[in-house]
Amino acid sequence: MDSENPLGRFLRARRELVRPEDVDIPPAGRRRVAGLRREEVALLAGVSTDYYIRLEQGRERHPSAQVAEALARALVLEEDAVAHLHRLARPAPGRRRRPAARRERVSPALLRMMDGWPRTPAVVLGRCLTVLAHNTLGGALFDGHTHSRDLVRLVFLDPDAREFYPDWERVAVNTVAGLRAAAGVDEEDPELIAVVGELSLKSEAFRRLWARHDIRQKTHEIKRFRHRLVGELTLEYEALTVNSAPGQQLIVYQAEPGSPSEQALSLLGSLVADAVEMPHDPMSTTTDPMSTTTKDSSA
């Protein structure tokens, strides 16, 4: 990833996604560019075309907060994208690059808390949306896939991703937007570079969505799953930041009380418990994939 001009790349990508009719610009014959022209963005933001071109080209890198707000309105940015634009325009001074060898670890207190929720799936995600830890039901929810412990690779590289996620297209868009939001402006993070590099080579869908520069933090959403053991599940999740470990997110899933999904989730919990209670055959070479204890994947 070219890190020399992140503001310019963001502005250009977002400009190409805005249709003239979205900002009340009347059609004027055949257009040779996708989205808005540079001069149209400049006009909408109240800046000169020359100044806006310099921003996209990286010859100007630090627009004022007022100009950033005007550009956000011109590009019809959502709240998370507006905040990202401000961070690109005014990056924090003296920010040191994260060491490549650093590993994300989940606190024992958080692991114990998750373990106390036997009927509630919960996972802890790292800055690149890898599953750092999960409780029993959280592990069972995503179990059985090639990339069960990496939600980005699960969506884009797993052969049964579109079966597991009935609303795959929406999940894919939100996953990439969430990855960008989690990464923030630190595009030199070695882990992020590795993830984006691999998926850009292996997945055309990821490559296309990454180029859009969508920014959307994981907050809460209703998501559908088609689980291999219990069938359809419609769960609502809440994403909570872990203040003791910046960059980590605790994701907690719940089913609507009394719904078929709650019954299916209860069944999944029973299947996990039954699997654990089965007598162990010392001659067996098969390892049960579902653990009964909270797993810290970073250990």
Side-chain angles (χ1 to χ4, degrees), residues 72 76-87 104 106-107 109-111 113-143 145 148-156 161-162 164-184 209 212-227 230 232-266 268-269 294 297:
V76 200
L77 299 183
E78 297 178 350
E79 182 178 353
D80 289 335
V82 174
H84 183 72
L85 173 57
H86 280 281
R87 287 192 294 268
E104 297 178 286
V106 181
S107 75
L110 181 54
L111 295 175
M113 182 175 71
M114 293 166 60
D115 211 25
W117 301 337
R119 300 172 61 185
T120 303
V123 300
V124 177
L125 301 182
R127 60 186 179 273
C128 289
L129 306 188
T130 53
V131 178
L132 302 179
H134 59 76
N135 64 4
T136 302
L137 204 50
L141 178 62
F142 291 99
D143 185 66
H145 307 282
S148 292
R149 301 301 174 251
D150 187 319
L151 298 193
V152 181
R153 288 182 173 89
L154 171 57
V155 171
F156 290 99
R162 293 174 186 263
F164 182 56
Y165 294 112
D167 305 309
W168 183 88
E169 289 80 5
R170 180 166 61 87
V171 170
V173 170
N174 289 341
T175 298
V176 175
L179 178 62
R180 276 203 178 273
L209 292 173
R212 289 172 54 94
H213 284 251
D214 289 327
I215 307 286
R216 191 174 306 111
Q217 290 187 351
K218 292 179 73 69
T219 53
H220 60 270
E221 185 185 2
I222 294 176
K223 183 174 287 188
R224 292 199 300 148
F225 302 88
R226 188 175 291 117
H227 197 276
V230 298
E232 292 276 355
L233 287 163
T234 300
L235 304 178
E236 183 172 5
Y237 76 73
E238 191 75 27
L240 310 170
T241 59
V242 181
N243 291 339
S244 61
Q248 292 184 14
Q249 302 177 77
L250 171 63
I251 315 298
V252 183
Y253 297 86
Q254 294 188 68
E256 183 179 352
S259 67
S261 292
E262 185 183 51
Q263 298 173 12
L265 202 57
S266 178
L268 181 59
T294 305
S297 303

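For Thr175, the side-chain contact (heavy atoms from CB on, under 4.5 Å) test picks out Leu129, Val152, Val155, Phe156, Val171, with sequence neighbours left out. Applying the side-chain hydrogen bond (donor to acceptor under 3.5 Å, both in side chains) rule to Arg212 yields the partners Asp214; only residues at least two apart in sequence or on another chain are considered. With sequence neighbours left out, His227 forms a ring pair (Phe, Tyr, Trp, His ring centres under 6.0 Å) with no residue at all. In this view, Glu236 satisfies the salt bridge (Lys or Arg N to Asp or Glu O under 4.0 Å) rule with no residue, not counting sequence neighbours. Glu238 pairs by the side-chain contact (heavy atoms from CB on, under 4.5 Å) definition with His220, Leu240, not counting sequence neighbours. The side-chain hydrogen bond (donor to acceptor under 3.5 Å, both in side chains) test applied to Glu169 returns no partner, not counting sequence neighbours. When the side-chain contact (heavy atoms from CB on, under 4.5 Å) test is applied to Glu232, the partners found at least two apart in sequence or on another chain are Pro166, Arg224, Arg226. In this structure, the side-chain hydrogen bond (donor to acceptor under 3.5 Å, both in side chains) partners of His86, at least two apart in sequence or on a different chain, are Glu69. Residues satisfying the side-chain hydrogen bond (donor to acceptor under 3.5 Å, both in side chains) test with Arg119, not counting sequence neighbours, are none.
Remark: Glu221 does not engage Arg216 in a salt bridge, criterion side-chain N to carboxylate O under 4.0 Å.
Remark: the backbone N or O of Leu235 is not paired with any side-chain donor or acceptor of Ser261 at under 3.5 angstrom. In terms of modelled atom types and a separation under 3.5 Å, the side chain of Asp167 and the main chain of Arg170 share no donor-acceptor contact.
Stacking of Lys223 on the aromatic ring of Tyr237 is not recorded, the 6.0 Å distance cut-off and the 45° axial limit not both being met.
When side chains are defined from C-beta on, Thr130 does not count as touching Leu151, because their heavy atoms never get closer than 4.5 Å. Counting heavy atoms from C-beta outward, Leu141 and Leu233 have side chains that approach closer than 4.5 Å.
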Just list the side-chain donor-acceptor pairs under 3.5 Å for residues 248-258, sequence neighbours left out, or say none.
{"residue": "Gln248", "atom": "NE2", "partner": "Arg105", "partner atom": "O", "Å": "2.8"}

